[in-house]
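Following: one structure in structure tokens, then a few remarks.
Values reported hereafter were calculated over all heavy atoms of this structure, with side chains retained and with hydrogens, waters and symmetry mates removed.
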Amino acid sequence: MVDRGASALSLPDDWPAHPDPILALNRMGSFDWDLDSGLFHMDAQAHEIFDLRPDEFDGHPESLACRVPAAEGYRLDTLVAQAMKDGSENYGAYFRLRCRDGSLRWTHTQGYIRRDETGRPRRIIGIVRDATQELSEIATRRERAEADEARRQQTNVVQLTTAALAHARTVQDVIDVLKDTHGLTHLGATSLVMGLVEADRIRLVAEGPAGSFVPGTRVTGIDEPYPMSEVVRTLTPRFIESPQEFADGYPVLWPHITDLDITSAAYLPLIAQARPIGAMGLLYSDRSGFSADERNVLVALGSSIAQSLQRAMLYEQEKDLATGLQQAMLPRTIPSVPGADVAVRYRAGTAAGTLGRDIGGDWYDLIPLPGGRVGAVIGDVQGHDTHAAAVMGQLRIVLRAYAAEGHTPAAVMARASVFLHELDTDRFATCLYAEADLSTGVVQVVRAGHIDPLVRHPDGTCRRVGVEGGLPLGLSAEFGRLDYPVGTLELDPGHTLLLCTDGLVEQPGADLDDGMQTLMALVADGPDDVRELADRLIDAAGERDGDDDVALLLLRRRGLDAPQSGGRLQQHVRLGDPEALSGARHMIRAAVRAWGAGERADEIELVADELITNALMHTEGSAVVTLRALTGSGRRVRVEVEDSSSALPRRREAGESGVSGRGLLLVERLTDVWGVEARGGGKCVWCEFLVRERA
């Protein structure tokens with residue numbers, strides 16, 4: 001304390017000041033310090049606060065050094081001297097004093113500085129009081145506030161993490177949220193590990209940071225001595241509060257993580273619907289234990305993570321099921337088509353947070369047809385779920401069957417509409433069926449509520465082909481409007497036919513025509529190769545990240561290797577009309593010689609006559625004879641005999657007379673290739689003869 005020394009000046013008349021009894025009642029002591037004489041007077045309450053008996057204090061401030069530690073005294077002297085120097089009227093300070101038993105006690109003092117008319121400090125009158133309880137309450141409030149703030153921050157981390165986990169769709173999404181800087185790192189975790197339960201094993205799916213992986217823990221048994229295995233077995237969290245506890249409890253694991261300077265860890269079972277689906281470990285290097293609140297927060301966080309993981313696992317299972325179903329419904333392979341390059345693509349739509357939306361009713365198909373023809377199909381069943389995919393699969397199969405039976409494009413579409421209506425489903429479908437004759441380039445197109453096809457020219461220009469359409473499949477049958485107009489376009493060599501579903505065209509907030517213009521510009525700027533062009537288009541759809549599925553079929557006519565028709569003749573032969581039969585024979589003989597195939601004229605005429613006779617005899621109806629000259633990969637003459645019976649021809653043993661039963665044997669021996677095709681309600685028996693090139 002400041003020591004002014006003794007003074008020759010006499011003490012003031014009112015010295016020492018008499019304390020107010022109220023001070024004593026409030027356990028406050030008073031003092032009066034005469035700065036001229038240096039005497040320091042304390043009342044009885046002040047003696048009690050300083051833990052001094054009256055005979056232990058001689059009235060001089062330096063005598064208080066036995067109670068005030070040197071550092072505290074220096075601080076108080078500096079404070080009082082500064083107050084007197086700068087003209088302050090009062091000062092106040094908290095300081096510690098040492099009691100008789102050696103313990104330290106917080107004390108508060110407050111003094112009033114009295115000055116003379118010149119401003120010189122002459123006297124300090126003040127109080128002292130025990131501040132132990134006061135500061136203890138302040139410290140308690142501060143600790144409580146700090147604890148509340150820590151709890152608030154932890155709760156905030158849980159809320160932020162839970163909100164982020166709500167958008168996680170896959171297991172990897174959950175892991176990414178937990179590793180994110182806004183995730184568990186706010187809880188101060190140094191390292192994170194997570195494993196999923198598979199049968200009686202735990203498969204590690206996440207560990208961090210880099211370099212923290214423990215060899216041999218990628219897959220561990222539930223009965224092995226690891227903390228994640230323990231919490232899965234017991235369904236109870238495990239809080240490890242010291243390195244020694246870690247080393248004693250898990251001697252197999254501890255040597256591998258000593259480099260991480262782990263001081264504590266929390267391992268949580270991830271439980272969903274009363275069964276463990278995994279475990280998570282948080283390892284710390286800056287804490288030595290966990291309070292009750294911290295444990296509760298971590299347990300709550302583990303519950304939230306478990307729910308998100310279960311949701312993510314269910315989503316992935318649904319996605320695998322949907323993908324498998326979609327792949328099963330779509331064609332496994334696309335057949336090679338002579339004279340054409342074909343590319344197909346499919347992209348599932350996505351809808352954030354919705355299970356099962358990665359599957360839909362979009363489909364494509366390519367159907368090889370007789371006579372160098374091919375059927376191309378693109379369609380879209382209403383809806384985005386497994387039911388839409390199931391309807392799509394059935395519809396694709398029956399449409400393929402109707403086309404293979406030889407029905408006209410309009411009949412194929414009408415029959416498919418009736419089939420869908422009779423399925424007794426609430427779904428309808430849009431569809432476009434294009435039947436292309438690659439030998440001539442003629443394409444017949446039927447549209448059932450679907451978007452128009454596009455044609456890309458060799459120079460890159462792209463145009464939209466307007467085709468008059470009918471109602472979607474299912475609706476046309478329901479309303480009795482099964483007439484589908486047939487549009488015709490020509491596909492020259494090098495031209496590409498593009499069929500797609502509206503997922504490739506429609507854009508949020510944009511008109512369909514604008515979407516078609518955008519698609520046409522994209523096709524025009526794309527590569528010539530149909531596979532590269534298909535990739536470019538499907539990538540563009542992926543960049544938009546649309547909710548709708550996309551199915552795409554590109555068919556580019558090559559025209560060089562495809563058989564080219566050099567001529568075509570046709571004759572109707574009615575049963576019981578010998579003149580028509582004779583005329584057909586004459587037509588065949590004349591055409592074969594005119595086409596330069598005279599060396600095989602007898603064989604062609606004989607086989608054609610046999611096929612016509614079989615049609616007239618076994619179907620009791622008329623026959624249609626078609627003769628074609630084909631060029632391309634070798635010159636050929638093709639004979640087709642079509643009748644109205646669906647019964648297929650079959651070999652029979654020759655009769656006793658040796659005349660009947662040798663027809664198909666004759667056809668097989670004399671032709672280079674032959675076969676039977678379905679044609680609507682009937683069939684067509686065809687055969688081809690390879691002839692020499694013209695000189």
Side-chain angles (χ1 to χ4, degrees), residues 318-319 321-332 334 344 346-349 351 354-367 369 375-435 445-451 467 469-486 499-503 506 547-553 646 678 680-681:
E318 289 265 356
K319 185 175 181 180
L321 174 63
T323 301
L325 179 59
Q326 188 78 56
Q327 292 175 348
M329 294 302 181
L330 290 173
R332 299 188 62 180
I334 291 297
V344 293
Y346 175 82
R347 178 188 177 276
T354 305
L355 294 178
R357 282 295 301 265
D358 287 345
I359 183 172
D362 291 24
W363 89 95
Y364 56 77
D365 205 355
L366 194 70
I367 310 168
L369 298 173
V377 185
I378 201 81
D380 182 3
V381 175
Q382 176 196 19
H384 295 84
D385 50 28
T386 53
H387 182 56
V391 172
M392 175 269 287
Q394 298 177 79
L395 192 57
R396 184 183 73 82
I397 291 171
V398 300
L399 198 147
R400 185 183 185 91
Y402 292 145
E405 285 181 356
H407 296 289
T408 64
V412 168
M413 202 67 83
R415 287 171 177 255
S417 181
V418 172
F419 171 82
L420 180 57
H421 180 61
E422 291 177 350
L423 276 182
D424 194 23
T425 176
D426 58 349
R427 307 299 174 93
F428 63 86
T430 66
C431 183
L432 189 146
Y433 175 64
E435 187 173 293
V445 182
V446 179
R447 190 170 64 87
H450 206 77
I451 58 177
V467 178
L471 291 175
L473 302 182
L475 295 182
S476 61
E478 181 176 353
F479 295 111
R481 297 171 57 182
L482 291 172
D483 293 333
Y484 284 97
V486 180
L499 310 180
C500 67
T501 55
D502 53 11
E506 291 181 342
D547 292 348
D548 205 359
D549 306 339
V550 175
L552 173 66
L553 186 149
S646 60

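In this structure, F479 and L471 have side chains that are in contact, with non-hydrogen atoms separated by less than 4.5 Å. Proximity of L399 to Y433: side-chain heavy atoms (C-beta onward) are separated by under 4.5 Å at one or more points. Residues Y364 and I334 form a side-chain contact, since some pair of their non-hydrogen atoms from C-beta on lies under 4.5 Å apart. Within the 4.5 Å cutoff, the side chain of W363 has heavy atoms near those of the C431 side chain. In this structure, the side chains of D380 and D549 stay at 4.5 Å or more apart for every pair of heavy atoms. The shortest side-chain heavy-atom distance between V344 and L366 does not fall under the 4.5 Å cut-off. L482 has its side chain within reach of S417: a pair of non-hydrogen atoms, C-beta onward, lies under 4.5 Å apart. In this structure, T430 and L473 have side chains that are not in contact, with every pair of non-hydrogen atoms separated by 4.5 Å or more.
How far CZ of R400 is from CD1 of I367: 5.5 Å, rounded to the nearest 0.5 Å. We find the CG-NE2 distance between D502 and H450 to be 7.0 Å, quoted to the nearest 0.5 Å. Between D365 atom CG and M392 atom CE the span is 10.0 Å, to the nearest 0.5 Å. In this structure, CD1 on I451 lies 9.0 Å from CG on L499, to the nearest 0.5 angstrom.
Y402 contributes no side-chain N or O that, together with a main-chain N or O of P409, makes up a donor-acceptor pair within less than 3.5 Å.
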Q.
Determine whether V377 and L432 satisfy the following criterion, side-chain contact (heavy atoms from CB on, under 4.5 Å), listing intermediate values before the conclusion.
A. CA-CA 6 Å; V377 185; L432 189 146; over 6 Å; no

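Checked options E478, H421, Q382; the residue passing with F428 is Q382 (criterion: side-chain contact (heavy atoms from CB on, under 4.5 Å)). Screening V446, T408, D483 for a side-chain contact (heavy atoms from CB on, under 4.5 Å) involving M413 leaves a single residue, V446.
Checking H387 against T425 by side-chain atom types alone, a donor-acceptor pair falls below 3.5 Å. Using a 3.5 Å distance cut-off with no hydrogens or angles, the side chains of D362 and T501 do pair a donor with an acceptor.
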